[in-house]
2 protein chains.
Amino acid sequence: MSRTRTSIVDIARAAGVSKSTVSLVLQGSPLVNEKTREKVNALIGDLGYVYNRGAANLRQAKSKIIGIVVNDLTNSFFAELAVGVDMVVQSAGYVQFLAHSGESVDRQRQVIASMRENGIAGLILSPARGTEANDIKPLVDSGIPVVVVVRNLPGARVSALLSDNYAGAKSAVRHLVGLGHRRIAFMGGFLDTAVSADRVRGYRDAMTEAGIELNDNFIIHSAPSRAGGVAAVERMMVFAERPTAALCFNDAVAFGVCDGLRSNGIEPGKGFGVIGFDDVIEAKTAVPALTTVSVDPQGMGQRAAQLLLKQINAGQTDQETLVTSVRLVVRQSCGAPVRQLEEMA
Amino acid sequence: MSRTRTSIVDIARAAGVSKSTVSLVLQGSPLVNEKTREKVNALIGDLGYVYNRGAANLRQAKSKIIGIVVNDLTNSFFAELAVGVDMVVQSAGYVQFLAHSGESVDRQRQVIASMRENGIAGLILSPARGTEANDIKPLVDSGIPVVVVVRNLPGARVSALLSDNYAGAKSAVRHLVGLGHRRIAFMGGFLDTAVSADRVRGYRDAMTEAGIELNDNFIIHSAPSRAGGVAAVERMMVFAERPTAALCFNDAVAFGVCDGLRSNGIEPGKGFGVIGFDDVIEAKTAVPALTTVSVDPQGMGQRAAQLLLKQINAGQTDQETLVTSVRLVVRQSCGAPVRQLEEMA
DNA sequence: CTAATTAATTGGAACGTTCCAAATTAGTCA
DNA sequence: TGACTAATTTGGAACGTTCCAATTAATTAG
């Protein structure tokens, strides 16, 4: 309602002191006398003053905004990741600009440009499919720290936080083999992302390692979503010799596979072993509880944020690539005897 | 890497023109000569100039940032809502500050304060449980438009966008009654939110309307999550006379109920009718596909954003409360004969 | 060719903060 | 008390934009 927002000079005038002093109070400087500090703080409350961070940034060129753009917020993996980032970012006194690229490189470029204009101090990026190092080059050239998560961006001079997809896939397949499965499928995802490629590679290597002949039909690509999982099962059902278990590209696909199996009269975890990837929250409570390779999206978000903050504070932009290890969480869907390998949270 | 970011005067100097002219070009003013415009634009590209929106806001006091805070990003309902908001906000040239309150009123207060400092032009708020009108009073008093979504905030002078929970619950129960059910439960959610209260009220009224005696045991409160759904079923199983169908607080609970039923040897949609609420994306592809009251979170986000933008542009803050109607989407989980009432997308 | 228009351009003030060097006040010691 | 030091306080000058009034250049009319 107020014609013009009350500024630092308004409270300075009211307190009978200079704007510089008020500024000092605002920054909690020890230089200022206790009595004046109190007077100023009281006035700040009374006059309903709100700090203008924009003006401050203008002068000191260090904002308290960090940007995060994810390729698909609708996927709970990324939503959790964003929550993880938010937690640490917020408690470090920063605020988070979140945008969703919807897997569109164009849109991603737009939002990154927009974030730049708004003066972000750093960026966490889960790149849209098809993103190239060049897309973020101007940003990194300008010296703004960038941390890439989940999907790598080869050639870009940025830090990256990835999960060990290869090892995760391998251990999942080994576990299925250990349960006696030989005809094991890989379901969901396309080969257009490094994540997918790594998981498939892990699957392949584990199979050959176990002395099982690879059957290319058993790698069934489909959308990395619940619907994609259903579709993969449909395609599998026409095979003469069907798989007895599947490693899925992610948990969403795995849930879809369970759905698909059931509508074909097969009970997941009984007639067919299913393993997912990511360990989203629903994995634990689903029926049957999903055996999955735990990536801990929220923790990943936290680590990404910490890494970014470190770089922001350090000033220098020495890139580092962290591959976080993953672990297989055995629950019911793979058909393991329950007594075995209980999850240790 | 550049010592200091290149500004409007840098390109002015390079182009041999005044900073005012460059500013004019930036705003696409028709006042400037075509030739100079080209020259300036070229320089802008070459020198890697990036617009400083903060400085501009300082002068013109209208930012292009809109804030959105949701109580739980992890719930896909809210994630989709945020995506909806993002879509229209982004195409209107705004950018979105998104924060997640995690149902904590304190944190919510913090992030709203932070957003204010950063000069948001408006706020979309899905309030944390326990939020009061007073919590956002300073914000609305300062003249910043606020749109409250999903949960109302009685007493606050803000616009609200709610869904007709009462009518939705009623129509769901009527449908179950029409299928011949008499012992119908309401599962999930607590009575601490208006949303929950409205849905329960709709359930009660529809029951009495149908001449069915209310059994308070059949209202089974639990966490509004998948795990809560499982828990509700467990509690139900000990009843001597069990319900034959349930209306669930939301889709997450409904999925949990399906899980719980199955682990008790009951097949959802066959032995027991299940109806959810919200219509999140997974509802369609789940097995059995979930009959649910469609709220269309993404569309709701879009409408909320449009409403907010309207208020921002109009300047005046005349509050309006919109109750959007909902519709029952009949799929498999309620046990309806498939031929009946097919979904019309 | 001059005056009157119209089209382009331009300085400087302003926005709300921080920073710096300098000034003021208070406090201490001989 | 006077000189010296420590503790506070304070004017500007920045920061990068927009806005306004005013100036200059180009065009047209008479």
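None of the values given here were measured: they were computed from a predicted structure.
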- Task: Respond yes when some side-chain nitrogen or oxygen of A:Gln60 is under 4.0 Å from OP1 or OP2 of D:dC15, and no when none is.
- Result: no
- Taking OH from A:Tyr51 and P from C:dT17, how many angstroms apart are they, rounded to a whole number? 8 Å
- When every non-hydrogen atom of A:Asp10 is compared with those of A:Arg5, the smallest separation belongs to OD2-O, 4.0 Å
- Note on the structure: Closest non-hydrogen atoms of A:Val85 and A:Gly301, given as atom of the first, atom of the second and distance, are CG2-O, 3.4 Å
- The side chain of B:Leu31 lies closest to which of these nucleotides: D:dT17, C:dT9, D:dT10? C:dT9
- Query: Which of these nucleotides, C:dC19, C:dG12, C:dC15, is closest to any side-chain atom of B:Arg59?
  - Reply: C:dC15
- Task: Report the residue (A:Val32 or A:Lys19) whose heavy-atom-nearest nucleotide on DNA chain D is the more 5′ of the two.
- Result: A:Val32
- Query: Under 4.0 angstrom, heavy atoms only, what part of the nucleic acid is B:Leu24 near: base, sugar-phosphate, or nothing?
  - Reply: base
- Considering only D:dT18, C:dT17, D:dC15, which nucleotide approaches the side chain of A:Leu58 most closely? D:dC15
- Task: Assess whether salt bridge (charged side-chain N to carboxylate O under 4.0 Å, His left out) is satisfied between B:Glu34 and B:Arg37, documenting all intermediate values.
- Result: CA-CA 5 Å; B:Glu34 198 48 45; B:Arg37 180 194 309 284; 3.6 Å; yes
- Task: Using the salt bridge (charged side-chain N to carboxylate O under 4.0 Å, His left out) rule, take A:Lys310 and A:Glu320 through it: C-alpha gap first, then chi angles, then the decisive distance, then the call.
- Result: CA-CA 12 Å; A:Lys310 196 179 80 182; A:Glu320 50 187 311; 2.9 Å; yes
- Task: Would you mind classifying the nucleic acid contact of A:Ser23 as base, sugar-phosphate or nothing, using non-hydrogen atoms under 4.0 angstrom?
- Result: base
- Ignoring backbone atoms, establish whether B:Thr21 has a side-chain N or O less than 4.0 Å from OP1 or OP2 of C:dT10. yes
- Task: Take atom CG of B:Asp10 and atom P of D:dG16, then tell me their distance rounded to the nearest Å.
- Result: 8 Å
- Message: At 4.0 Å (heavy atoms only), tell me whether B:Ser7 reaches a base, stays on the sugar-phosphate, or touches nothing.
- Response: sugar-phosphate
- Query: Side chain of A:Arg5: nearest nucleotide among C:dT18, C:dG11, C:dG16?
  - Reply: C:dG16
- Query: Quick one: is C:dT9 close enough that its OP1 or OP2 comes under 4.0 Å of any side-chain N or O from B:Thr36?
  - Reply: yes
- Task: Would you kindly give the CG-to-C1' distance between B:Asn33 and D:dA25, to the nearest whole Å?
- Result: 11 Å
- Message: If I take atom OH in residue B:Tyr49 and atom C1' in nucleotide D:dC15, what distance separates them, rounded to the nearest angstrom?
- Response: 13 Å
- Please check the phosphate of C:dT17 (OP1 and OP2 only) for any side-chain N or O of A:Gln27 closer than 4.0 Å. no
- Any chance you could lay out the side-chain hydrogen bond (donor to acceptor under 3.5 Å, both in side chains) test for A:Asn71 and A:Ser126, step after step, and finish with the verdict? CA-CA 6 Å; A:Asn71 48 297; A:Ser126 163; 2.5 Å; yes
- Could you tell me the separation between the CD1 atom of A:Ile8 and the C1' atom of C:dA14, rounded to a whole number of Å? 16 Å
- Kindly indicate whether the side chain of B:Ser20 and the base of C:dG11 share any N or O donor-acceptor pair separated by less than 3.5 Å? yes
- Between D:dT8 (P) and A:Glu34 (CD): distance, integer Å: 10 Å
- Message: Measure CG/A:Asn52 against P/D:dT17 and give the value in whole Å, please.
- Response: 16 Å
- Can you tell me the distance, in whole Å, between the CD atom of A:Glu38 and the C1' atom of D:dT8? 16 Å
- Closest non-hydrogen atoms of B:Pro145 and B:Gln311, given as atom of the first, atom of the second and distance, are CB-OE1, 3.7 Å
